[in-house]
Engineer: 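Starting off with a structure, shown below.
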Amino acid sequence: MASSLTLMRRSCRFVSIFATTSRQSSSKTLAPPSLQTGLLLFLSQRFHDVETVLSWIPWLKNRVVRQKNVFYGYTQKNFGDNIATAFYVLSLKGGFRFAGQSEWFRSDKRGKFNWDFMNHRDSPVEEVDVSNTLINYTGLDNLVKQKCLRTLSLSGCTQVDDWFLSRLHVFQDTLEELDISHCPQITEGGLAALKNLRVLRRLDVSQLPRIQNPGLVVILLEEMLPQCQVTAAGFDHCLMDRHTQSDSQAQAP
Amino acid sequence: MSTWRGFCMTARTAQGFHVYSKCIYKHTQLCTLGFRKINTGRPVQSDFFKDLENQFKAFREKASEAMPGSDWTPFEINRSLPPERADIVIVGGGVIGWSIAYWLKQKERIREGVRVLVVERDPTYAQASTVLSAGGIRQQFSLPENIYLSLASADFLRNINEHLSVLNEEPVDLQFNHSGYLLLANENVAHIMEENHKTQRYAGAKVALLSPTQLKEKFPWINTDGVVLASHGLENEGWFDPWTLLNAFRRKAISMGVYQCFGEVTGFRYTTNPMTNTDGDKVEFQRIKYVNVQMPNSLEYQPVECAIVVNAAGANSGKVAEMVGIGLGPKDSMASVSLPVEPRKRFIYVVHCPDGPGLDTPFIIDYSGMYIRREGLGGNYITGMSPEEGEEPDTNNLEVDQEFFQDKIWPHLAKRVPAFECLKVKSAWAGFYDYNTFDQNAIVGIHPLVNNMFLATGFSGHGLQHSPAVGRAIAELILDGGFRTLDLSALGFQRIIKQEPVLERNIV
């Protein structure tokens, strides 16, 4: 009885997965899966072990992100908030500038950096450039203590999402420049949270692939942040296209 | 057919007089032959053999199905029937029910450790409160339990793809809008708002209090007349697509092996054990043995043998509880306390206002009870309001009272945001609240007299936003025997027996 039941369930599952895959491919006209994916799919439907191992893959892929964004509690306890932030930013292969100094501390391509920043315990961090790094929501824990942060560049960060933007309200009294261009996860829902940044002067929202109507969104952003200069390059041809589309849609009914 | 004939005719006329008549004859013959082959089918004789072959094939298939090890039975079985046995039956396949199912599977120690069945009445979810809600999440409550539930749920929604991603399926996109809630208070309730704010900050919610001047500075389009204090949620607040969340829970739970059944729970088979307490009073304990699940549009039903029942039937959970005899006992005894949950109809109106506030529109809740939020970027907003206690609309249907908007909502709306003086109602819908008439708060926990029925109901409009955390709490209660992460014992059924309401000191 039990075996027959499991068999039935297996077969049901088999069918359902097939049904879903076929539906997906029909709706999106995806190419049929490669031999390797197809084989893995087949094996995962057949054997629970393979399914479990496959379910570990996203976790393993995220491991680097998690390691990069751990809370630098030890550094913070022993060397203070500023050093913790600095160390975190440099470990991410980013760069920063202390308040009252003109030179930037940056790490090179290999992630090596100059340890001189350890001498500036009492200077708060004023500018942070973490573009093209793996910073995410949890990593922001290392930055939130900075009360003088004026510039934040997040250009090309793959892990920056709407929840990240909604948490930027901690810098609401100081943050003047924000660059979130080329972030693949940001949508309109997160941009609405930038309302909390009271003193924002410059905002770069170029090339956000998940924004549906960039032309409209940029206008709405400018309306929402009247003091702020919004840069939205890279949408050019896209902007025109969307505009004509939305115009024709508006005229249709 | 006529077109084909016409074609032949034109062919014939085109060939005209220059060609032999024989040739023309041949041509038409060919045409008609081809036509016949397409339409009238094969000769009768070959049909007979073909049919026989097919029948042999079908017989062979059936015989192979009947071999030991397959699930074929000589009796016709309805495939949509629920399994005969399940460990846990969840009554109600709304977001709470599926969340509980997901967490039960998440917490099981071994594969197939618990057999969970979710029974949902309506496969289209046409009347489900989950999908008819406004879809907001906020931390601005006064009860610490509610604040913690919202915080835990927001945390879940943030990491939703770590929790609810299914192998070989697309990731979940909730379309979360981080605009926050804006609660407005007049002078009568400002002190309550201040106290609530303290509780919220203490619990870890990021909420800011605004004076009318600050409010005007932040949202210039708001009319601050009558507003003494406002509180704006900065983080983890906003709204999202309820249908996506429900489907994500369902997809994940089914992929983990939860059984889904579309049918209606029409009754329970239960045993009754009379006992005497220390005061000498007789107390009757019930224990549910079977849940009767009736198939939609038929009289066929299946009793499902089960160990534990979870009542997550939302607005109808009062009726489900009555089926076990909750609230039907003799007067002044514990058994006479019914589950105080009943459906209440609430209207939601979609209005179009091209000159309305833009991207920064938060989820505004006025002290009059009116709420409004943005819907998309095209100048659409959805708005609603709870009616007065004495003017509850009829709950037999989901028809919308259009007058309600004109008479009750619009004046408040236009007063608060003057841009809404000219607007157009585009559509409207109604949905049910699972309204807790006792104290408008959730009832989470085991029923003291029916000792295998767990309750997760009575959320009074907060079910969607609390669903991830409540699902986890119920799963902990069932599998671990107590609350592990969030202590929700204050929201148990005991408070109703003791007549100690846990009221939300909200300004609305």
Side-chain angles (χ1 to χ4, degrees), chain A residues 1 3-9 11-13 16-17 20-21 24 28 33 37 40-41 44-45 48 51-52 54-55 57-59 62 137 161-170 172 187-196 198 210 212-213 216-217 219-226 246 250, chain B residues 68-73 79 83-85 111-112 115 154-155 157-162 165-171 173-180 206 208 214 217-221 232-241 251 254-255 257 259 357-362 374 376-379:
Chain A
M1 180 69 191
S3 70
S4 74
L5 264 174
T6 49
L7 200 83
M8 192 177 89
R9 283 225 27 241
S11 59
C12 286
R13 226 162 155 188
S16 72
I17 286 178
T20 49
T21 47
Q24 263 185 6
K28 292 208 139 187
T37 341
L40 279 179
L41 184 65
S44 68
Q45 284 153 8
H48 286 318
E51 195 186 341
T52 314
L54 281 181
S55 68
I57 290 177
W59 182 82
N62 271 330
Y137 182 89
D161 53 4
D162 294 345
W163 295 86
F164 188 98
L165 293 190
S166 79
R167 213 186 161 190
L168 287 180
H169 71 86
V170 289
Q172 56 182 353
T187 66
E188 294 94 343
L191 292 178
L194 297 181
K195 173 73 189 172
N196 294 321
R198 261 184 272 169
R210 282 187 65 187
Q212 301 279 334
N213 300 306
L216 176 63
V217 168
I219 291 168
L220 287 172
L221 266 178
E222 281 169 349
E223 192 185 287
M224 183 175 90
L225 305 162
S246 56
Chain B
S70 82
D71 59 338
W72 184 85
T73 60
R79 290 278 169 177
E84 288 169 26
R85 230 167 267 113
R111 190 177 281 273
E112 300 294 317
R115 270 167 77 95
D155 197 54
L157 298 182
R158 183 160 53 81
N159 300 313
I160 190 158
N161 276 312
E162 281 169 31
S165 67
V166 180
L167 202 65
N168 296 318
E169 297 259 354
E170 282 173 31
D173 177 19
L174 275 183
Q175 298 167 18
F176 202 103
N177 250 294
H178 297 265
S179 294
K206 305 284 186 287
Q214 286 168 320
E217 194 186 322
K218 203 165 189 180
F219 303 105
W221 37 265
H232 184 218
L234 302 170
E235 199 179 322
N236 294 333
E237 292 199 344
W239 56 89
F240 57 93
D241 183 20
R251 191 181 72 171
I254 290 176
S255 83
Y259 294 83
L359 191 64
D360 55 334
T361 320
R374 179 169 58 78
L377 301 172

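Proteins come first, then strands; the chains are lettered A, B, ... in the order of their sequence lines, and each starts at number 1.
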Engineer: Top residue by heavy-atom pair count (under 4.5 Å) with chain A, among B:Arg374, B:Lys206, B:Gln175, B:Glu217?
Structural biologist: B:Lys206

Engineer: If you measure from CG on B:Leu157 to CG on B:Asp155, what distance do you get to the nearest 0.5 Å?
Structural biologist: 9.0 Å

Engineer: Give, as side chain, backbone, both or neither, the part of A:Thr37 having an atom under 4.5 angstrom from any heavy atom of chain B.
Structural biologist: neither

Engineer: Output the option from A:Arg198, A:Gln172, A:Arg167, A:Glu188 having the highest count of non-hydrogen pairs under 4.5 Å with chain B.
Structural biologist: A:Arg167

Engineer: Output the option from B:His232, B:Glu237, B:Lys218 having the highest count of non-hydrogen pairs under 4.5 Å with chain A.
Structural biologist: B:Lys218

Engineer: Rounded at 0.5 Å granularity, tell me how far CG in A:Leu168 sits from CG in A:Asn196.
Structural biologist: 9.5 Å

Engineer: Using non-hydrogen atoms only, which part of B:Leu234 is less than 4.5 Å away from chain A: side chain, backbone, both, or neither?
Structural biologist: both

Engineer: Mind checking side-chain contact (heavy atoms from CB on, under 4.5 Å) for B:Pro171 and listing every partner two or more places apart, or none if nothing turns up?
Structural biologist: B:Asn161

Engineer: Measuring from B:Leu377:CG to B:Asn177:CG, what's the distance to the nearest 0.5 Å?
Structural biologist: 8.0 Å

Engineer: For each of B:Glu162, B:His178, B:Glu235, tally heavy-atom pairs with chain A at distances under 4.5 Å, and name the one with the top tally.
Structural biologist: B:His178

Engineer: With sequence neighbours excluded, what pairs up with B:Asp360 under the salt bridge (charged side-chain N to carboxylate O under 4.0 Å, His left out) test?
Structural biologist: A:Lys195

